[in-house]
Amino acid sequence: MDALKLWSLSSQPLKHLFRVASSTTTTTLRRPFSHSSSYSRVVLRCCSSTSISTTPANAARAGARNRRASTSSSTSDRDAVRAIRLKKVEELRSKGLEPYAYGWERTHTANQLQDIYKDLADGEEAKAERDAVSIAGRIVARRAFGKLAFLTLRDDSGTIQLYCEKERLADEQFDQLKALVDIGDIVGASGSIKRTEKGELSIYVNSFAILTKSLLPLPDKYHGLTDVDKRYRQRYVDMIANPEVADVFRKRAKIISEIRKAVESVGFVEVETPVLQGAAGGAEARPFVTHHNSLGRDLYLRIATELHLKRMLVGGFEKVYEIGRIFRNEGISTRHNPEFTTIEMYEAYSDYESMMNMAEEIVTRCALAVHGTLTVDYQGVEIHLERPWRRETMHNLVKESTEIDFGELGNDLKVVKEVTLKTLGADLDHKDKVSIEACTSIGHLLNEVFEIVVEPKLLQPTFVLDYPIEISPLAKPHRRNAGLTERFELFICGRELANAFSELTDPMDQRGRLEEQVRQHNEKKAAGISETDGADDKRKENDDSYEVTLDDDFLTALEYGMPPASGMGLGIDRLVMLLTNSASIRDVIAFPVLKVQQ
């Protein structure tokens, strides 16, 4: 009986790890890790199969079998590699070497060495005492030729080559390196600096140590980790396999740092407000609900930081901001994640004009910090961020795109809907028509037309001004135009990036608007329950089936008096998407929420 053999295992204890019964036909398989010196060839002997006619049905069945076999083979290969590496862990310990170290004294990072020795000539070695260096990182490539081995080490800053020569290493270190070090291991290495004849800056290794023995194989170096779902689920592997992914999160950190610098340079103070709240206010969105056992009450994960930041203004702060996580129990898309990050800020004695200037300052500073220019590419569209940005009212933008002047149509909602549907009918799909028919006021209708027709066209930075009062319950009434508010939203690439108001400070007006918002929500909720009566699954999916509560304590705070103020919320995830050319919000959130893996 023939057997599956692993040939050329350098380490004796591993030589006959697997013996699998098989028979006649010989097939040579690609090695799981062609870079590993632990094994060089796998031979499989298996029975030849009976010929199968290549009808479409047979081909389909064969394809399904192949896919299942591929998955099974991948799992089997991974398990085999893991078993081999566990044996290597045992061997290291048997030699008195700890495969999971406590630390390592580094003198430099990879990029520091690349910079310091950029002028070292090809074939030259820096041998002075000051050139003795120590480095640590993950092995991402390796080649071995007799008494020479070359390993590529990557740390947080970049990569550098380890030049390993048998005569230079002490005792049996070179043999241990060839037999026991795999791609994915984290190692420390010490030595001098040398540039090879081919121009590769290298550490000429005197000694090394395995700091962390990796048990699982990394993705194939030529194809990387390409399964999108797996990339999000195992972001740690994604960042190892695709270094540019880690660069996105470094840029994200730089953007958040720059935002802080921008607002703090003009006197804003960072504060923290509760994530768990007794009432979910500051926005209209389905909240996540949890229960506090000791208090015996339900609490909500915040859907905005707004109402508590305004309480800070009541308490005497004049410029406050918070960068924080927001949670909304709603849909998932390329633009939406159930938890996302915003900056909200409030400035006493200012109006929404001030927040337009602040939005321009934040975005342009971040663009310069990341790119060094105010012209950026986003998904093939060149975006120009030079100030000032366009500022136009919602009414005028709708009129410009549709030739419908809502200011001239009067107050008869039925008539305005008929005009709208007649004008836009040919360009509307069924869903859009239903949305227009469902509008309960002219303000809602104006906003619906804006979102359907105008919003996707706003590619260059545009401040959309003066929203209807019906959809802006926290904004101050417009000082010149009845029925409107002093509110703007910033759009870039057809996406809302920021939302700001001249803040409503009249406590009685605020109470009336919030109570009306609750009333309208409850009506929609009741209508939704009636429509889905007897259909539990549909009721669960109904976006209006949640409770909206009135934050009485916020209204009490307003009655003590809040100064005139402006406020703005800016979506940090979407800003990072823009400045890193990322198509999906999941690409800029390290660990996005995903469906349960089947």
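Please read these numbers as outputs of a predicted model, since none were measured by experiment.
Looking at heavy atoms from C-beta onward, Thr152 lies out of side-chain contact with Ile139 at the 4.5 angstrom threshold. Looking at Leu458 and Phe450, their side chains come closer than 4.5 Å, going by heavy atoms from C-beta outward. Counting only heavy atoms from C-beta outward, the side chains of Val181 and Ile210 approach each other to under 4.5 Å. Taking the side chain as every heavy atom from C-beta outward, Leu153 and Val140 never approach each other to under 4.5 Å. With contacts defined as side-chain heavy-atom distances shorter than 4.5 Å, the pair Asp377/Ile383 does not qualify. Looking at Ile585 and Met577, their side chains come closer than 4.5 Å, going by heavy atoms from C-beta outward. The shortest side-chain heavy-atom distance between Glu451 and Asn447 falls under the 4.5 Å cut-off.
Side chains of Glu344 and Thr305: a donor-acceptor N/O pair is present below 3.5 angstrom, by distance only. Judged by distance alone, the side chains of Thr505 and Lys476 do bring a donor and an acceptor atom under 3.5 Å apart. Defined by atom type and a distance below 3.5 Å, a donor-acceptor pair is present between the side-chain atoms of Asp155 and Ser157. Residues Glu264 and Tyr321 bring a donor and an acceptor atom of their side chains to less than 3.5 Å of each other.
Ion pairing between a basic and an acidic side chain is recognised when a charged N comes within 4.0 Å of a carboxylate O; Arg387 and Glu361 show such pairing. No salt bridge links Asp182 with Arg142; every basic N to acidic carboxylate O contact stays at or beyond 4.0 Å. Asp573 has no carboxylate O lying under 4.0 Å from a charged side-chain N of Arg335, or vice versa, which leaves the two without a salt bridge. Here Arg233 pairs with Asp229 in a salt bridge; the nearest charged N to carboxylate O distance falls below 4.0 Å. With salt bridges taken as basic N to acidic carboxylate O contacts below 4.0 Å, none links Glu284 and Arg513. Between Asp79 and Arg82, none of the side-chain N atoms (NZ, or NE/NH1/NH2) sits under 4.0 Å from a carboxylate O, so this pair counts as no salt bridge. Ion pairing between a basic and an acidic side chain is recognised when a charged N comes within 4.0 Å of a carboxylate O; Glu353 and Arg391 show such pairing. Between Asp553 and Arg311, at least one side-chain N (NZ, or NE/NH1/NH2) sits under 4.0 Å from a carboxylate O, which counts as a salt bridge.
Counting non-hydrogen atoms of other residues, nucleotides and ligands closer than 6.0 Å to CZ of Phe317 gives a total of 12 or fewer. Atom NE2 of His291 has more than 12 neighbouring heavy atoms from other residues, nucleotides or ligands inside a 6.0 Å radius. Crowding of Glu272 atom CD: a count of heavy atoms from other residues, nucleotides or ligands under 6.0 Å not exceeding 12.
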Could you please spell out the steps behind the salt bridge (Lys or Arg N to Asp or Glu O under 4.0 Å) verdict for Asp156 and Arg250? CA-CA 10 Å; Asp156 186 54; Arg250 290 188 183 93; 2.7 Å; yes
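Separation of atoms CG (Leu397) and OG1 (Thr462) is listed at 7.0 Å; rounding is to 0.5 Å. Interatomic distance, Arg495 CZ to Leu459 CG, rounded to the nearest 0.5 Å: 11.0 Å.
Contact record, Ser202 with Gln161: OG-NE2, 2.8 Å, taken as the closest heavy-atom pair. Ile303 approaches Phe327 most closely through the heavy-atom pair CG2-O, 3.3 Å. The two residues Glu489 and Tyr467 come nearest to each other via the heavy atoms OE1-OH, 2.6 Å.
Here salt bridge (Lys or Arg N to Asp or Glu O under 4.0 Å) pairs that include residues 109-118, with residues two or more places apart or in two chains, are Asp115-Lys118.
The side chain to side chain contact (heavy atoms under 4.5 Å, CB included) with Glu503 is formed by just one residue from the set Glu486, Gln510, Lys310; it is Lys310.
Between the side chain of Asn581 and the backbone N or O of Gln379 there is at least one donor-acceptor pair closer than 3.5 Å. The closest donor-acceptor contact from the side chain of Lys319 to the backbone of Val266 lies under 3.5 Å.
Two rings, from Phe463 and Phe488, have their centers less than 6.0 Å apart.
For the pair Arg487 and Phe501, the cation does not sit on the ring face, since its NZ or CZ is not both under 6.0 Å from the ring centre and inside 45° of the axis.
Take His371 and apply the side-chain contact (heavy atoms from CB on, under 4.5 Å) test, not counting sequence neighbours, and it matches Thr373, Val376, Leu579.
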